[in-house]
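First comes the structure, then the notes that go with it.
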2 protein chains.
Amino acid sequence: MLKLSKKTEYAFMAARYLALNNSGHCSTAKEIAENYDISRELVAKVLQNFARSDIAASFQGVKGGYVLKKNPEEVSLFDIILSVEDKHHLTNCLSEDNPDEKCSHEDGCKIRDPLIEIQKRIDNLFLETSLKQIL
Amino acid sequence: MLKLSKKTEYAFMAARYLALNNSGHCSTAKEIAENYDISRELVAKVLQNFARSDIAASFQGVKGGYVLKKNPEEVSLFDIILSVEDKHHLTNCLSEDNPDEKCSHEDGCKIRDPLIEIQKRIDNLFLETSLKQIL
DNA sequence: TTGATATAAGACTAATTTAATCTTATTTAT
DNA sequence: ATAAATAAGATTAAATTAGTCTTATATCAA
């Protein structure tokens, strides 16, 4: 596997849409969902996440919606993933709720450290790629 | 997410075990499973995959088991992942059974190309890391 | 002030994927 | 012959992910 979730895919798409339509105009979840033919509710959740993590500003009510809060070159794909995904770790024993040496296979499994290194380098790939680069 | 499957974790562990115990000695699935306290059947499947993809040689019958067929520095983590995992793609539209331009979001989603690039670079990280490096 | 259209957020259900187990067959050393 | 191993596929169970539904709140405009 090692697959991005649909939520992350939708997040990339929604962020891209916001970036391309940021001329003072407020984009709604409905608008984006219809544009890509995906679930309105899922897009809405993605956008709510964006608002929470300060990627986008939200406006409620009629004429409400979302606008990007940063320049596309200032938003990394990593920011977007983090905004939308709670777990983003290669293995369970690499996650923060499982700090330090804790591995379900006791000290039998010694693959943790090299994987931490690879994890960092993968994160960096997404960190180095900005939203601007996918427009 | 973007998580390795347990199968892949087990594969790394099993490969590591084989590499550390390759002094003419045949390692069995049972032995490895007990050593790491994981399911015997799952380890068996991993080892069968290793045999099919020529990472290990298998010997049947009593006194049977598996031995690494290559030097640890000649086996990459990517080889191991490929051996054990059928899908190893960042997104569904990146998989081979979905060639070329086919994306469920028609031409609406334009994130495919940059993701192909990131996919390649992730693959490279695993390709550049050899089994020897996790011993 | 009411109705229409948004976001906000959480509960719930459905679908898919992954993990684990079970079963049967075959091989081979003793 | 028997015990211990691989081989391979079927089946079940568990976990995760995707998608939907519901209720509440905000805001614009007639």
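Here is how names work: the chains are called A, B, and so on, in the same order as the sequence lines, proteins then strands, and each is numbered from 1.
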Send over the distance from L42(B) CG to dA15(D) C1', rounded to a whole Å.
15 Å
Let me know the distance between NZ of K3(B) and C1' of dT16(C), rounded to the nearest Å.
15 Å
How many whole angstroms separate atom NZ of K30(A) from atom P of dT7(C)?
10 Å
With the side chain defined as heavy atoms from C-beta on, K6(A) is closest, among dA18(D), dT6(D), dT7(C), to dA18(D)
May I ask you to evaluate whether S39(A) reaches the phosphate of dT20(D), defined as a side-chain N or O under 4.0 Å from OP1 or OP2?
yes
Looking only at side-chain N and O atoms, does Y10(A) come under 4.0 Å of OP1 or OP2 in dG19(D)?
yes
Name the residue closer to the 5' end of DNA chain D, choosing between Y66(B) and V62(B) according to the nucleotide with the nearest heavy atom.
V62(B)
Taking any heavy-atom pair under 4.0 Å as a contact, classify A44(A): base, sugar-phosphate, or nothing.
nothing
Could you please name the option among dA29(D), dA26(D), dA20(C) that lies closest to any side-chain atom of K63(A)?
dA29(D)
If you assign F59(A) and G61(B) each to the DNA chain D nucleotide with the nearest heavy atom, which residue ends up on the more 5' nucleotide?
G61(B)
I'd like to know if the side chain of E31(A) reaches the main chain of T28(A), judged simply by a donor and an acceptor atom lying under 3.5 Å from each other, with no hydrogens or angles considered.
yes
Between the base of dT20(D) and the side chain of K45(A), is there a donor-acceptor distance below 3.5 Å?
yes
Considering every strand and a 4.0 Å limit on heavy-atom distances, what is the contact class for R40(B): base, sugar-phosphate, or nothing?
base
In whole Å, what is the span from the CD1 atom of I38(A) to the P atom of dT17(D)?
18 Å
Starting at the 5' end of DNA chain C and moving along, which residue's nearest nucleotide shows up first, G64(A) or E41(A)?
G64(A)
For the pair made of CD in Q48(A) and C1' in dG10(C), what is the distance, rounded to whole Å?
10 Å
Measure the distance from CG on L4(B) to C1' on dT18(C) and round it to the nearest whole Å.
14 Å
Atom-to-atom span, NZ of K7(A) to P of dG19(D) - whole angstrom:
12 Å
State whether the side chain of S83(B) and the backbone N or O of N49(B) hold a donor-acceptor pair below 3.5 Å, judged by distance alone.
yes
Below 4.0 Å: OP1/OP2 of dT16(D) and any side-chain N or O of S5(A):
no
To the nearest angstrom, how far is E85(A) atom CD from dA18(D) atom C1'?
12 Å
Sugar-phosphate only, base, or nothing, as touched by A29(A) at under 4.0 Å among non-hydrogen atoms
sugar-phosphate
Would you say the side-chain atoms of D123(B) and Q119(B) include a donor-acceptor pair closer than 3.5 Å?
yes
Determine whether a donor-acceptor pair (N or O, by modelled atom type, separation under 3.5 Å) exists between the side chain of S130(B) and the backbone of K132(B).
yes
Assess, by modelled atom type and distance only, whether the side chains of S5(A) and E85(A) contain a donor and an acceptor separated by less than 3.5 Å.
yes
For the pair S76(B) (side chain) and F78(B) (backbone), establish whether a donor and an acceptor sit closer than 3.5 Å, ignoring hydrogens and angles.
yes
Give the nucleotide from the list dA5(D), dA7(D), dA18(D) with an atom nearest to the side chain of Q60(B).
dA7(D)
